[in-house]
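To keep things clear, I will list the structure first and then write my remarks on it.
If you read the sequence from its start, that first residue is 1, and numbering goes on from there. Just so you know, these numbers use all the heavy atoms, side chains as well, and skip hydrogens, waters and symmetry mates.
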Amino acid sequence: MAQTKFDKQVEETAESIAFGIGRFLSGRPMDGVKRTDATFWRSGTRVLPKVEGRVSRSSYRAGWKRLTFRISALAAAGAGGYQAGWVHQDATVATAQEIWADPDPALAALEQTGIAAASTAAVGTAAYLMLTRKRRELMREWVIPLHEALALPLRLPEQTDPRRYLHIPRNFSEDDAVIRVDVPGRLDFSKDLVADIIATKLALEGVTFSWHLAGRETYVTVKKTRKPPAKAAFKDPKVREMVAAAKESAPIIGIGSAGRIVTVDLDAESPHILVNASTGGGKSVTLRCIACQMLHHGSLVFVLDTKRISHPWANGIDGVTYCRDIADIHDQLIALGMEGRRRTRVADELGIDADPKAIGPRLLILLEEVNATMKQLARYWERIRESGDPKVSPAVDALNEILYMGRQLRMHVLLVAQSATARALGGPEVREQFSTRILARYSVNAWRMLAPEVHPAPKSTKHPGRAQVVSGGSARETQVLFFTEAEARQWATTGKKAAATDQTGPVQLHKPPSDSLADAWSTTAPDLTPAPEQPASGELLAETWNPTPTPAPAADPGEPEADTTAPPAAPAPADDDQAVGLRQAAEHHLPGITLAALRFARANDPAFPGSADKRGAELLYRVGALKKWARNRPRAATGTTDLD
């Protein structure tokens with residue numbers, strides 16, 4: 001039997017009612033059109049693609065919230081209707097009769113009710129406008145402009161409600177505020193661009209971005225970092241106590257945000273440290289902070305300073321070898337490279353269970369102004385190189401080998417550069433040996449070159465002592481500890497080393513047993529003199545270090561020297577190991593330095609070499625030690641750093 005038109009209409013109506021009941025109970029939109037990504041348990045955050053027209057706020061609610069609202073409204077309407085039915089049934093007849101008999105009271109009551117309702121609505125509207133004024137200002141001034149800027153990079157539909165994915169508190173500019181921005185899970189946007197837009201449109205400075213892109217909920221949180229203290233002076237009792245409690249292998253660099261201590265463990269984290277800063281960025285202050293702490297714990301420090309005057313506080317300190325002349329820097333690097341090879345053999349003999357301190361004292365190499373030093377080393381080697389010698393300076397090779405040796409040998413390099421390019425350091429692989437990098441007053445190019453893993457780059461500041469310590473893929477804004485020169489010298493000369501030894505002169509490495517340091521370094525490791533057969537003990541290792549002779553008390557400048565009326569002595573043979581008096585040294589071995597200058601240096605310069613012998617009342621000094629002191633004495637830097 002054919003289905004009639006009436007039957008079809010009844011069937012369609014029943015089907016619509018069934019679908020309506022299903023949508024009602026499932027919390028879905030009653031028209032059946034899904035406009036947002038809301039589910040039954042989760043609220044929506046964005047409009048679905050190809051949805052046109054205005055999207056109501058109820059479309060963003062979770063299904064269970066819509067169902068709860070519908071059931072509550074239906075129950076309230078049913079209860080009100082049930083009660084009103086009984087009242088209406090009893091009072092309908094009496095009310096109608098009274099109104100028709102005397103309508104004036106009814107009209108007066110209706111008028112008063114209308115006035116009360118209008119007043120209530122006006123007061124409620126005014127209160128609502130007052131309470132939401134700041135929220136509306138936030139939407140108008142900050143949220144909507146940010147939404148308009150992010151819509152294109154995030155590829156958001158035009159109907160997206162900014163309140164659904166931009167969670168910006170009214171106090172977003174305060175230190176403890178947290179901003180959250182929900183981003184699409186397809187991740188087809190630039191994180192750098194989104195971060196720049198958020199920081200620019202909200203006028204934020206000094207913030208960190210934390211991206212949460214795993215799983216279904218993808219968002220980024222923006223927090224304002226708490227600034228480090230304006231100053232971190234060593235004279236502060238709290239700072240001094242903090243430095244005193246630091247580990248021997250982990251000198252404190254400074255204080256970070258929220259008062260956190262910023263340090264680097266040379267044994268566990270990074271054996272070498274790179275300091276990159278422009279002029280006035282506090283490079284020497286940073287090195288002074290680290291070096292004096294290492295000296296306090298008994299380390300040996302080698303200062304390689306072509307500027308000559310970067311660390312006057314370290315002159316004459318026990319355990320410090322200060323090289324200012326490029327020839328001495330060249331020889332010292334080669335000697336340190338030979339010491340590294342020796343330590344490699346000793347470490348192999350000691351085995352894996354040996355005490356790391358048995359390999360020798362910790363060595364700290366401060367290489368100042370690497371941009372100029374590398375050029376001068378190359379130029380110096382070109383001048384002294386002979387036929388058959390390698391083209392690359394053996395001192396540069398020795399430095400690179402020290403950088404590759406690692407933390408097991410207890411040899412650490414603190415390298416300072418104004419621009420730590422791969423060319424200046426000897427290649428990009430050399431730069432990768434510095435897992436801890438301290439940057440101050442840096443340019444955008446310098447940040448991209450040295451810390452590309454940290455983005456966006458924090459804004460550089462000219463605040464004195466402020467730097468970024470980059471380690472482990474993160475940057476920590478740090479106020480570097482400030483030691484005055486007197487405080488650094490006092491802290492370096494106290495501690496374990498001063499209490500454990502009676503040495504008064506600087507401790508230096510033995511030079512390699514060869515007539516030419518370059519020849520000794522060019523020797524391959526298997527050709528070196530083999531280590532002794534007996535086990536490496538503490539006494540055997542101690543023989544590798546040679547303290548210079550203890551200097552005798554300076555003679556009184558007014559005391560007459562032996563045989564002052566005798567004619568000048570004949571020129572001594574060109575032997576740096578011979579011992580001569582100051583007068584003979586000034587006349588025949590140290591051109592340009594007067595006898596008065598030598599006597600003054602003997603009485604006032606702590607780096608002046610100690611006497612090697614005595615002839616009557618006259619103190620004798622080794623010629624080689626005097627020449628080295630003359631080359632490395634503090635004075636203004638001279639010459640050029642250009643290869644041309």
By ring pair (Phe, Tyr, Trp, His ring centres under 6.0 Å) - contacts of Phe209 (at least two apart) = none
Ring centroid separation Tyr621 to Phe608 under 6.0 Å |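 Close enough - the centres of the two rings lie under 6.0 Å apart.
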Can you name the residues that form a side-chain hydrogen bond (donor to acceptor under 3.5 Å, both in side chains) with [X], not counting sequence neighbours?
X      : value
Arg324 : Asn315
Thr421 : none
Asn632 : Asp328

[X] side chain to [Y] backbone, donor-acceptor under 3.5 Å:
X      : Y      : result
Asn604 : Phe600 : yes
Thr494 : Trp491 : yes
Ser474 : Ser471 : yes
His296 : Ala492 : no
Arg631 : Asp325 : no
Asn276 : Ala420 : yes
Thr286 : Gly282 : yes
Ser270 : His272 : yes
Ser249 : Asp267 : no
Gln479 : Pro464 : yes

Mind checking salt bridge (Lys or Arg N to Asp or Glu O under 4.0 Å) for Lys247 and listing every partner two or more places apart, or none if nothing turns up?
->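 Partners of Lys247 under the salt bridge (Lys or Arg N to Asp or Glu O under 4.0 Å) test: Asp265.
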Do the non-hydrogen side-chain atoms of [X] and [Y] ever get within less than 4.5 Å of each other?
X      : Y      : value
Asp577 : Val623 : no
Phe482 : Val285 : yes
Val303 : Thr321 : no
His330 : Ser393 : yes
Arg240 : Lys235 : no
Leu414 : Val275 : no
Leu399 : Met374 : yes

Which pairs pass ring pair (Phe, Tyr, Trp, His ring centres under 6.0 Å) with one or both residues in residues 413-443, sequence neighbours excluded?
->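 Of all non-adjacent pairs touching residues 413-443, those that pass ring pair (Phe, Tyr, Trp, His ring centres under 6.0 Å) are Tyr442-Trp447.
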If the threshold is 4.0 Å, N to carboxylate O, is there a salt bridge linking [X] and [Y]?
X      : Y      : result
Glu339 : Arg343 : yes
Glu368 : Lys283 : no
Lys391 : Glu382 : no

Under 3.5 Å side-chain donor-acceptor pair for His311 and Arg288 =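 Looking only at side-chain atoms, Arg288 and His311 do not form any donor-acceptor pair under 3.5 Å.
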Do Asp605 and Trp629 get their side chains close enough for a donor-acceptor pair, meaning under 3.5 Å?
->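 Result is yes, a qualifying pair exists.
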For Arg476 and Thr478 the tightest heavy-atom approach is O-OG1, 3.0 Å
